[in-house]
Amino acid sequence: MIIKLELFGMSKEFSKDEFLHFEFDNEITVKDLRIKLEQMIKNEFPKNNNYLEVVKKSAFSSEDNEIVEDNYKLNKDQKLAIIPPIGGG
Amino acid sequence: MFHCDVVNLKISKISLERATDFIESHKCGASLFFIGTVRDMNNEKEVTGITYDSHDKMVKKSFKEIYEDAIKKLKLEHPVAFVEHVKGYVPLGGISIIIAVACKHRSQVYEFSRFIIEEIKKKTPIWKKEHYKGEDAKWLEGQQIQIKK
């Protein structure tokens with residue numbers, strides 16, 4: 001199963017691309033995705049605690065543009081978005 | 001009556017005229033314009049511009065929900081609202097958001113406009129990257145999005 005994660009705000013600094021791709025063998029939850037993202041940050045930006053903090057404080061949204069909780073199940077290929085802390089206006 | 005949009009500055013411009021035309025109504029005795037602009041200083045740094053990022057679909061959905069919440073909570077009569085936020089680079093002094101509202105009576109437009117901007121700050125997925133004189137640009141920390149229960 002492939003989860004395509006669209007990047008917004010500060011999370012755009014996590015990659016040169018607009019999306020990150022994560023592969024999982026079985027059904028997961030949003031919490032598992034968050035952990036996987038944290039692992040990626042630790043590997044690729046080992047000295048950047050700020051990025052880790054952003055991931056901790058971020059929400060995630062589903063393909064139908066709803067914020068989903070950490071226990072939301074993901075069991076097929078799909079696109080999600082990371083919603084870091086906001087600040088428009 | 002409601003209109004909202006995310007204006008991608010690479011292909012369009014934000015327009016006060018469009019807002020004025022939209023909120024014009026003979027049923028309303030009061031109208032109010034809120035215009036957000038890029039100011040010159042933030043956190044003691046000299047700001048030269050801001051790049052706005054936006055989850056467009058969620059932003060439009062959020063604007064509509066905020067409008068509907070305002071009608072319910074403020075018990076507005078003949079509410080009309082126009083909300084547009086930009087996406088892309090805005091130089092110092094440039095417009096980032098227009099909230100134009102109209103209602104039957106004047107007291108309601110102040111409440112209505114204030115409600116919309118305060119809710120946007122809490123619930124709408126928009127991000128700012130500030131550009132400074134002599135320093136690297138930086139994404140602002142912001143606040144965790146407030147989830148609708």
Side-chain angles (χ1 to χ4, degrees), chain A residues 3-20 29-31 33-35 37-38 40-41 44-45 47-74 78-89, chain B residues 4 6-7 34-39 42-43 50-66 83-87 90 95-99 113-114 116-130 136-149:
Chain A
I3 303 295
K4 196 173 167 185
L5 185 67
E6 190 169 8
L7 304 172
F8 289 98
M10 191 189 284
S11 71
K12 285 196 160 163
E13 294 183 0
F14 298 171
S15 172
K16 286 175 186 165
D17 300 320
E18 287 182 22
F19 294 90
L20 289 171
T29 62
V30 165
K31 188 179 180 182
L33 177 65
R34 191 190 298 275
I35 290 168
L37 181 57
E38 285 172 356
M40 187 218 87
I41 298 291
E44 297 198 17
F45 309 98
K47 291 177 184 170
N48 199 323
N49 287 330
N50 196 26
Y51 285 176
L52 269 183
E53 202 56 33
V54 167
V55 175
K56 281 189 173 57
K57 289 180 177 173
S58 290
F60 292 84
S61 71
S62 62
E63 266 177 334
D64 55 356
N65 304 308
E66 293 286 348
I67 297 290
V68 287
E69 305 274 358
D70 264 12
N71 61 3
Y72 183 81
K73 287 179 182 162
L74 306 169
Q78 60 196 285
K79 189 180 89 174
L80 274 82
I82 182 168
I83 309 293
I86 58 171
Chain B
C4 71
V6 176
V7 179
F34 171 86
I35 300 168
T37 55
V38 174
R39 68 167 184 273
N42 192 28
N43 296 326
I50 296 178
T51 298
Y52 290 88
D53 188 23
S54 149
H55 187 309
D56 298 1
K57 285 182 181 168
M58 285 185 74
V59 167
K60 286 190 217 175
K61 194 172 171 183
S62 166
F63 285 164
K64 190 158 190 295
E65 284 171 358
I66 291 169
V83 182
E84 287 193 350
H85 199 295
V86 301
K87 176 179 187 169
V90 182
I95 296 175
S96 58
I97 184 168
I98 296 175
I99 300 171
S113 175
R114 181 75 192 260
I116 292 172
I117 187 64
E118 298 302 336
E119 291 292 287
I120 286 172
K121 295 274 181 195
K122 291 182 275 191
K123 295 178 177 170
T124 307
I126 295 171
W127 299 270
K128 288 179 190 175
K129 187 178 195 178
E130 276 188 343
D136 289 342
K138 191 182 164 192
W139 289 100
L140 297 188
E141 279 185 17
Q143 58 177 315
Q144 283 177 275
I145 195 164
Q146 205 175 88
I147 299 164
K148 195 178 176 185
K149 298 280 182 188

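The sequence lines fix the lettering, A, B, ..., with proteins before strands; numbering per chain opens at 1.
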Residue part contacting chain A, namely of [X], when any heavy atom lies under 4.5 Å:
{"X": "B:S96", "value": "side chain"}
{"X": "B:K122", "value": "backbone"}
{"X": "B:I145", "value": "both"}
{"X": "B:E141", "value": "backbone"}
{"X": "B:S54", "value": "backbone"}
{"X": "B:H55", "value": "both"}
{"X": "B:I97", "value": "side chain"}

Among B:F34, B:Y52, B:W127, which residue forms the greatest number of heavy-atom pairs with chain A at distances under 4.5 Å?
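When all of B:F34, B:Y52, B:W127 are compared, B:W127 has the most.
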
One thing to verify: whether B:K129 and B:D53 come together as a salt bridge, which I'm taking to mean a side-chain N less than 4.0 angstrom from a carboxylate O.
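Salt bridge flag = no for B:K129 with B:D53.
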
NZ/NE/NH1/NH2 to OD/OE distance under 4.0 Å, B:E118 and B:R114:
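Yes, B:E118 and B:R114 are salt-bridged.
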
Atom pair CD (A:E66) and CD1 (B:I147), whose distance is rounded to the nearest 0.5 Å:
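So the gap between those two atoms works out to 11.0 Å.
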
Measure the NZ-SG distance between B:K64 and B:C4 for me, rounded to the nearest 0.5 Å.
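With rounding to 0.5 Å, NZ (B:K64) is 8.5 Å from SG (B:C4).
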
Aromatic rings A:Y51 and A:F45: how do their planes relate, parallel, tilted or perpendicular, breaks at 30° and 60°?
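Perpendicular.
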
Check whether B:K121 reaches the backbone of A:G88 with its side chain - one donor and one acceptor, N or O, closer than 3.5 Å.
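Yes: the side chain of B:K121 pairs with the backbone of A:G88.
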
